[in-house]
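Working notes, structure below.
Side chains included, hydrogens not; waters and symmetry mates left out as well; all remaining heavy atoms used.
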Amino acid sequence: YQTIVQRHRFWYEHQDPTDEGLPLTPAAEGAIQDPLFLALLVWSNENLIQVGHLLQTDVLEIIQWNELTIFGVNEKLWNAEKQCYQPFNLQTNHFIEGDFVSSFAPLLGEIPTQ
């Protein structure tokens with residue numbers, strides 16, 4: 001459990017250059033915030049919270065990460081014009097255009113708010 005929490009801490013402390021709760025995709029050469037990776041991160045956070053409760057461990061930090069990521073994905077990666085989530089390129093400060101399977105991944109992490 002602690003090893004996985006430490007890995008998540010690494011993502012949030014060292015792979016989130018904009019401090020939005022949106023760590024960068026590992027294989028994206030430090031430029032892409034990807035809905036698929038972030039959905040899996042949220043899903044994992046939620047499971048860590050559940051396990052932490054079972055272990056009677058303080059999970060406040062994980063809850064904060066999770067809420068920030070959900071907010072960030074909805075605010076930054078939702079393309080209202082196309083009505084889907086899209087990867088975001090930090091170098092160009094724009095969505096990456098195209099059709100992506102990852103557009104639906106936030107459903108897995110129960111990220112959509114509406």
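- Looking at every heavy atom in both residues, T57 comes nearest to Y1 through CG2-CE2, 4.2 Å.
- Crowding of E13 atom CD: a count of heavy atoms from other residues, nucleotides or ligands under 6.0 Å exceeding 12.
- Of all the heavy atoms in S102 and L36, the pair that sits closest is CB-CB, 3.5 Å.
- Crowding of F104 atom CZ: a count of heavy atoms from other residues, nucleotides or ligands under 6.0 Å not exceeding 12.
- Looking only at distances, a side-chain donor or acceptor of S103 sits under 3.5 Å from a matching main-chain atom of Y85.
- Residues V59 and L48 fail the side-chain proximity criterion, which asks for heavy atoms closer than 4.5 Å.
- Annotation for Q56: atom CD does not count as buried by contact number, only 12 or fewer foreign heavy atoms lying within 6.0 Å.
- Qualifying side chain to side chain contact (heavy atoms under 4.5 Å, CB included) partners for L68, counting only residues two or more places apart in sequence or in other chains: none.
- Screening residues 35-52 for side-chain hydrogen bond (donor to acceptor under 3.5 Å, both in side chains), with sequence neighbours left out, gives H8-S44, H8-N45, Y12-N45, N45-N66.
- W78 has its ring centre no less than 6.0 Å from the ring centre of F95.
- For H94, the NE2 atom sits in a loose shell: 12 or fewer heavy atoms of surrounding residues, nucleotides or ligands are nearer than 6.0 Å.
- Scanning both residues, Q86 and E97, for their nearest heavy atoms gives NE2-CA, 3.9 Å.
- Using a 4.5 Å cut-off on side-chain heavy atoms (C-beta onward), Q33 and T25 make no contact.
- Minimum heavy-atom separation, V73 to P106: CG1-CG, 4.4 Å.
- By the 4.5 Å heavy-atom criterion applied to side chains, F37 and L24 are not counted as neighbours.
- By the side-chain hydrogen bond (donor to acceptor under 3.5 Å, both in side chains) test, E61 pairs with R9, sequence neighbours left out.
- Across every non-hydrogen atom of A39 and I111, the tightest pair is CA-CD1, 3.8 Å.
- How far CG of D16 is from CD of E20: 7.0 Å, rounded to the nearest 0.5 Å.
- When all heavy atoms are compared, the tightest approach of F100 to P87 is CD1-CD, 3.7 Å.
- One hydrophobic cluster, built from ILVMFWY side chains closer than 4.5 Å, cannot hold both L22 and F71; they sit in different ones.
- Counting heavy-atom neighbours within 6.0 Å of L108 CG, excluding the residue itself, gives a total above 12.
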